Amino acid sequence: MRRWLLVFLLGFCVSAAAAARPKVALVLSGGGAKGMAHVGVLRVLEEIQVPVDLVVGTSAGSAVGALYASGMPVEDIESRFINLDWLSSFRDDPGRVFKPVRRKRNDWRFPVTPGIGVGSEGLTFGGGIIAGQNLGFILNELTHDAALVDDFDKLPIPFRAVATDLETGEPVVIGTGNLSDAVRASMSIPGVYAPVSRDGQLLVDGGVANNLPVSVAKSLGADVVIAVDITDPLMDKEELEDAFTVVGQLTTLLTRRNTERQLEQLGDHDVLIRPDLGQLSSADFYQAKPFFELGATEARRHAVKLSGLSVAEQDWRAYRERLEQRSFSPSLISRIRVEGGNRLADDFIRSRIEQKVGEPLDTDQLENDLKRIYGLGYYETVAYSLERLPDGDSGLLIRVRRKSWGPNYLSFGLNYEDNFETQTEFNVAAAVRMTELNSLGAEWNTGLQLGTRPWARTEWYQPLDYGYERFLTMGAEYKRESFNAFNGDGVRITEVDLSTSEADLALGMELGANNEIRLTYRRGYATVDEQVGAQVVPYKTIEKASANLALEHDSLDDAFLPQTGWFAGIRGKLERKSLGSDRNFDSVRAMALAAHTWEDTTLTGLIFTNTVTGGVAGIENSVVLGGFKRLSAFSRGEIAGEDAALASLFLREQFGGPLVPWFAGVGAEAGNAWSSLGDARWDNLLYSWSAYAGVETGIGPVQLSTAYNNEDDWSAYLSIGFSFTRLFE
């Protein structure tokens with residue numbers, strides 16, 4: 001009897017001791033990339049076996065805190081951050097590969113899409129440099145295991161994210177809703193990311209109002225606060241040397257002052273951890289491992305005080321088992337709902353999503369589908385979340401938000417090529433794209449290019465179904481180009497300026513994600529504007545009419561400097577008097593381009609040919625070679641003919657960081673142009689070898705190159721915005 005009484009008293013004492021354990025809150029501040037130091041602190045807390053009962057985070061701290069609160073092991077958090085494509089979180093474009101072929105066709109000409117719309121009221125602008133599309137995908141993937149949780153108290157560890165009300169400047173504590181949306185709001189840096197709309201409020205980064213939310217943890221009943229402060233210190237006046245440091249100081253002033261007020265609420269029993277991050281900054285996203293170690297090092301300096309919060313092995317195992325439970329994992333998808341598609345029918349969204357009702361959620365396929373919807377250019381964000389239905393099943397909610405600066409958008413471009421001798425090309429371009437013109441999503445696109453190669457095009461694009469698999473286009477185009485004619489000794493004998501004006505009607509079909517087939521009828525005329533030298537063109541104007549059948553595949557990841565993917569196209573052209581032309585001829589144009597990357601080294605190969613298979617095409621249909629990366633050591637137009645072939649191989653090495661990348665490479669090219677491809681011989685091929693270097697910019701790569709050919713000639717180029725795919729025009 002005494003033995004049982006002793007066991008009972010011992011158990012009662014242990015239970016009382018456990019019940020007396022203080023409620024420990026982990027408070028994580030914002031700080032951009034420096035937030036990865038929080039992960040090192042988590043590692044030490046687990047080593048010492050300190051259970052956390054509440055997590056409160058701001059900005060980067062909310063991202064780390066949400067993952068830990070959802071039960072993700074620390075080693076998994078570390079792995080995710082090390083392998084994360086951080087640069088993509090600062091871009092909205094999910095990648096060129098997710099755009100339809102028709103969008104890719106002119107993206108080299110209009111690469112700058114600054115978030116400017118145009119309408120009857122004038123110009124409109126987006127709410128931030130970045131809408132946060134890719135960031136949303138990243139956060140969705142990271143918080144996938146908690147996708148069905150709408151009350152953050154039901155997470156393995158209760159969690160709160162802190163944002164700022166943009167209208168009032170007051171802090172907003174988020175404890176319900178979608179977890180990834182909460183984190184997205186908490187880290188929405190003003191002026192960089194667009195604000196997040198939630199419950200009638202516009203929310204931005206929580207660091208503006210409360211960067212170290214100790215007060216939130218205290219209000220939720222925390223007995224002990226472990227606060228991790230990574231807020232930037234204020235710089236001395238000697239350090240304020242330029243505009244960037246001044247802007248950084250102003251940003252720090254906003255967060256530092258409210259952080260100091262929060263630090264005043266810490267008591268003697270609380271723990272303040274301030275990692276010394278040295279020269280690492282809030283922009284060093286690719287320095288995950290050093291951040292982890294510096295955070296862990298500082299946490300270990302507080303090991304004695306933290307050890308007072310540790311628990312016995314048995315209690316720690318029970319705590320970890322509770323964190324690893326996944327009672328909120330999604331089941332089969334029993335309903336798919338679209339929210340926000342008020343201008344285009346919901347059928348349009350649903351037709352492009354392959355997820356089926358009654359099947360498990362395929363996250364990878366769903367994100368690819370949503371990226372393709374985003375690639376159409378209609379929406380500011382395209383996101384998804386899961387919702388728990390009354391019957392216990394899971395529903396998929398697709399949330400789209402129309403661009404606030406739409407539905408008509410401006411884009412711009414610039415291309416430049418100078419060989420420092422006789423040739424300079426400079427063109428500026430602008431385009432307006434009017435969208436959502438009917439329930440099927442018709443568009444009207446108009447582009448204008450001014451400079452040495454004037455060009456203008458307007459086109460009506462009419463889908464014939466919601467899935468955009470079949471479409472009709474009607475357009476008109478004008479362009480002016482220069483052609484050269486040479487005698488048998490290779491001496492230029494004339495230069496012809498030729499203008500072409502055409503109208504066209506096309507029927508097309510998308511064949512999968514990156515393929516398109518199009519049948520086009522074109523009718524117009526070509527006019528000789530000026531002819532200098534020998535009068536080799538006997539006419540002033542010639543009628544043109546043709547039927548064209550083209551098949552294209554384009555999975556290149558970049559229009560200018562592709563690292564992966566390939567382009568393949570073949571186009572047959574029949575120009576006939578019976579169609580309204582003054583000529584009878586047939587031609588075929590084919591091109592293949594592939595790029596592959598090993599770490600920082602990219603190999604790009606190209607094969608191009610154009611041949612007239614019957615009849616005489618005339619100078620207005622000549623292929624023009626020469627110029628940068630088109631037999632580089634020859635001037636543009638120095639090589640021209642009805643038939644042409646070109647093969648090239650370029651090796652490029654990437655240098656520099658992700659924010660300011662530069663590159664250098666070498667290339668070899670071989671080809672020529674002939675009056676007939678049957679005249680092609682190994683001994684009349686022209687060769688060019690080149691070396692080049694450049695830097696990537698928002699308007700395209702700026703490249704400086706030098707080239708040497710088999711005729712002992714050298715040339716040099718300065719080029720902006722070169723694209724291989726222009727050859728297939």
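What you see is a predicted model; the values in this text were computed from it and never measured.
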*Salt bridge between Lys629 and Glu417, side-chain N to carboxylate O under 4.0 Å?*
no
*Can we say Glu729 and Arg109 salt-bridge, meaning some charged N sits less than 4.0 Å from an Asp/Glu carboxylate O?*
yes
*Main-chain N/O of Ala595 paired to Thr604 side chain as donor or acceptor, under 3.5 Å*: no
_Value rounded to 0.5 Å, distance of CD1 in Ile699 from CG in Asn415_ = 9.5 Å
*Looking at side-chain heavy atoms only, is the closest gap between Leu397 and Asn178 below 4.5 Å?*
no
_Distance, nearest 0.5 Å, that separates CG of Leu139 from CG of Asn134_ = 11.0 Å
_Six-ring centre of Tyr461, Arg102 cation under 6.0 angstrom, axis tolerance 45°_ = yes
*Assess the side chains of Asp504 and Thr520: does a donor N or O sit below 3.5 Å from an acceptor N or O?*
no
*List the atom of Val162, the atom of Pro171, and the distance in Å for their closest heavy-atom pair.*
CG1-CB, 4.3 Å
*Any side-chain donor-acceptor pair under 3.5 Å between Asn515 and His553?*
yes
_Least distance between heavy atoms, Trp460 atom then Asn438 atom_ = CZ2-ND2, 4.4 Å
*asked:* Tell me whether Trp86 contacts the main-chain N or O of Phe285 through its side chain, where contact means a donor paired with an acceptor under 3.5 Å.
replied: yes
*Measure across Met474 and Leu505 and return the closest heavy-atom pair with its distance rounded to 0.1 Å.*
CG-CD1, 3.3 Å
*asked:* Within the structure provided, determine whether Arg399 and Ser385 are in side-chain contact (heavy-atom separation under 4.5 Å).
replied: yes
*asked:* Using modelled atom types and a 3.5 Å cut-off, is there a donor and acceptor pairing between side-chain atoms of Tyr521 and backbone atoms of Leu579?
replied: yes
_Using only atom types and a distance under 3.5 Å, with no angle test, would you say the side chain of Thr435 pairs donor to acceptor with the backbone of Tyr378?_
no
*Exercise: identify the closest heavy-atom pair between Phe728 and Ile570*: CZ-N, 3.5 Å
*asked:* Please find the pair of heavy atoms, one from Ala194 and one from Ser188, that lie closest to each other, and give the distance.
replied: O-OG, 2.9 Å
*salt bridge (Lys or Arg N to Asp or Glu O under 4.0 Å) between Glu436 and Lys403, intermediate numbers included*: CA-CA 12 Å; Glu436 303 181 36; Lys403 288 181 176 178; over 6 Å; no
*Please report the C-alpha distance between Tyr379 and Ile349 in whole Å, then the side-chain angles of each, then the deciding distance to 0.1 Å, and finally whether the side-chain contact (heavy atoms from CB on, under 4.5 Å) criterion is met.*
CA-CA 11 Å; Tyr379 302 109; Ile349 304 293; 3.5 Å; yes
_Whether the side chain of Arg433 engages the backbone of Ser411 through a donor-acceptor N/O pair (distance < 3.5 Å, no angle test) should be reported._
no
_Let me confirm one number: the CD-OG1 distance from Glu620 to Thr500, rounded to the nearest 0.5 Å._
7.5 Å
*asked:* Do Ile373 and Ile398 have side chains that approach each other closer than 4.5 Å (heavy atoms only, starting at C-beta)?
replied: no
*Just say parallel, tilted or perpendicular for the rings of Tyr416 and Phe426, cut-offs at 30° and 60°.*
perpendicular
*Backbone N/O of Asp362 and side chain of Gln355: donor-acceptor pair under 3.5 Å*: yes
*Quick check: does any side chain N or O of Asp557 sit under 3.5 Å from a backbone N or O of Thr564, one acting as donor and the other as acceptor?*
yes
*Are Asp369 and Arg352 within salt-bridge range, i.e. N to O under 4.0 Å?*
no
*asked:* Are the side chains of Glu141 and Thr363 in contact, using a 4.5 Å heavy-atom criterion?
replied: no
*Heavy-atom distance under 4.5 Å between the side chains of Glu443 and Phe471, does that happen here?*
no
*Salt-bridged, Arg96 to Asp107, with N to O below 4.0 Å?*
yes
_Within the supplied structure, the quantity of interest is the number of heavy atoms (other residues, nucleotides, ligands) at a distance under 6.0 Å from Tyr478 OH; does it exceed 12?_
yes
*Measure the OG1-CZ distance between Thr697 and Phe560 for me, rounded to the nearest 0.5 Å.*
8.5 Å
*Please work out whether the ring planes of Phe110 and Trp455 are parallel, tilted or perpendicular, with thresholds of 30° and 60°.*
tilted
*asked:* Testing Arg105, Arg518, Lys104 one by one against Glu552 for a side-chain hydrogen bond (donor to acceptor under 3.5 Å, both in side chains), which residue passes?
replied: Arg105
*Nearest-0.5 Å distance that lies between atom CZ in Arg372 and atom CD1 in Ile353*: 13.0 Å
_Given 3.5 Å as the limit, does a donor-acceptor pair link the side chain of Ser186 with the main chain of Ala182, or not?_
no
_Let's go through Arg576 and Ser581 carefully: what are the C-alpha distance in whole Å and the side-chain angles of both, what is the deciding distance for side-chain contact (heavy atoms from CB on, under 4.5 Å) to 0.1 Å, and is it a yes or a no?_
CA-CA 5 Å; Arg576 291 286 186 274; Ser581 174; 5.8 Å; no
_Verdict with supporting geometry, Val172 and Asp199, side-chain contact (heavy atoms from CB on, under 4.5 Å)_ = CA-CA 11 Å; Val172 177; Asp199 297 334; over 6 Å; no
*Chi angles and distances behind the side-chain contact (heavy atoms from CB on, under 4.5 Å) call for Leu519, Leu549*: CA-CA 5 Å; Leu519 177 63; Leu549 181 63; 4.2 Å; yes
*So which heavy atom on Ser62 is nearest to which on Val183, and how close?*
OG-CG1, 3.7 Å
_Crowding at CD, Glu167 (>12 non-hydrogen neighbours, <6.0 Å)_ = no
*asked:* Quick check for you: to the nearest 0.5 Å, what is the distance between Met591 atom CE and Arg589 atom CZ?
replied: 10.0 Å
*Does Glu387 come within less than 4.0 Å of Arg335, counting only side-chain N to carboxylate O?*
yes
*Give a yes or no answer on whether the side chain of Thr176 reaches the backbone of Asp150 with a donor-acceptor pair at less than 3.5 Å.*
no
_Between Asn514 and Ser555 (side chain of the first, backbone of the second, donor and acceptor by atom type, cut-off under 3.5 Å), is there such a pair?_
no
_Counting C-beta onward and ignoring hydrogens, is there a side-chain heavy-atom pair between Leu366 and Leu361 closer than 4.5 Å?_
yes
*asked:* Under 4.0 Å between a side-chain nitrogen and a carboxylate oxygen: does that hold for Arg522 and Glu477?
replied: no
*Answer whether the closest heavy-atom distance between the side chains of His596 and Trp566 falls below 4.5 Å.*
no
_For Asn368 and Glu354, which I'm curious about, is there any donor-acceptor pair between the side chains at under 3.5 Å?_
no
_Contact between Thr452 and Asn427 at the side-chain level, heavy atoms closer than 4.5 Å - yes or no?_
yes
*Would you check if the distance from the ring center of Phe567 to the ring center of Phe724 is below 6.0 Å?*
no
